[in-house]
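Residues take their numbers from the sequence shown, with the count starting at 1.
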Amino acid sequence: MHARVTTTKGPPDSVDQATQVVTEQVLPSARQLAGYKGILSLADRTTGTGLTITLWESEEAMAASDEAADAMRGQAVGAIEGSEVASVDRYEVTIDERA
C-alpha cells in the first residue's frame, strides 16, 4: 500500500469548513479512482495546519491518480479563503494497523 500526504495551511477557524469540503466534494470523487483504499484527515485547530493522507492499493494506482488528486486538492484549497497547499509527499506504507 502507498500513501499521499498533503499538508495544508489555513486560518485556524476554517477546520470545520475544510472538513466539510473534503467530505462533500473530495471524497465522492476519490472513491471513484482505481486503487483508492481510504483517507485519514488530521487538523490542528490552533495553527490551521492540516494533513490529509490518502491510501492507495499500489504505487502505480497512486501515480495514476496524481492528475485527479491535483484537481481535487486545488478545488478544496480554493474553497477556503487564506488556505494553501504547503506540501505533497508520497510514501510506502510499512505498517497498517487499525482497530
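- Applying the salt bridge (charged side-chain N to carboxylate O under 4.0 Å, His left out) test to every pair with at least one member in residues 46-69, sequence neighbours left out, gives these pairs: R4-D66, D66-R90.
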Under 3.5 Å, which donor-acceptor pairs link side chains of residues 5-14 to any protein atom two or more places apart or in another chain?
from : atom 1 : to  : atom 2 : distance (Å)
T6   : OG1    : R73 : NE     : 3.3
T7   : OG1    : S87 : OG     : 3.4
S14  : OG     : P11 : O      : 2.6

Original post:
Would M1 and T94 count as a side chain to side chain contact (heavy atoms under 4.5 Å, CB included) if you check the C-alpha gap in whole Å, the side-chain angles of each, and the deciding distance to 0.1 Å?
Top reply: CA-CA 8 Å; M1 187 172 343; T94 57; over 6 Å; no

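- The stretch residues 3-54 participates, sequence neighbours left out, in these ring pair (Phe, Tyr, Trp, His ring centres under 6.0 Å) pairs: Y36-W56.
- Looking at R45 and D16, their side chains come closer than 4.5 Å, going by heavy atoms from C-beta outward.
- The minimum heavy-atom distance linking M72 with A30 is given by the pair SD-N, 3.8 Å.
- Between V22 and I39, the closest side-chain pair of non-hydrogen atoms falls below 4.5 Å.
- The two residues T23 and P28 make their nearest non-hydrogen contact at O-CD, 3.5 Å.
- With values rounded to the nearest 0.5 angstrom, D44 atom CG is found 9.5 Å from L51 atom CG.
- Grouping the Ile, Leu, Val, Met, Phe, Trp and Tyr side chains by contacts below 4.5 angstrom, directly or via other members, places M62 apart from Y91.
- Between I53 and L55, the closest side-chain pair of non-hydrogen atoms falls below 4.5 Å.
- By the salt bridge (charged side-chain N to carboxylate O under 4.0 Å, His left out) test, D89 is found to be paired with no residue, residues two or more places apart in sequence or in another chain being considered.
- Taking each heavy atom of A79 and Q17 in turn, the nearest pair found is O-NE2, 3.2 Å.
- Contacts of R98 classified as salt bridge (charged side-chain N to carboxylate O under 4.0 Å, His left out), with partners at least two apart in sequence or in another chain: D96.
- Evaluation of the ring pair (Phe, Tyr, Trp, His ring centres under 6.0 Å) test over residues 11-30, restricted to residues two or more places apart or in two chains, returns none.
- Between V93 and I95 the shortest heavy-atom distance is CG1-O, 3.4 Å.
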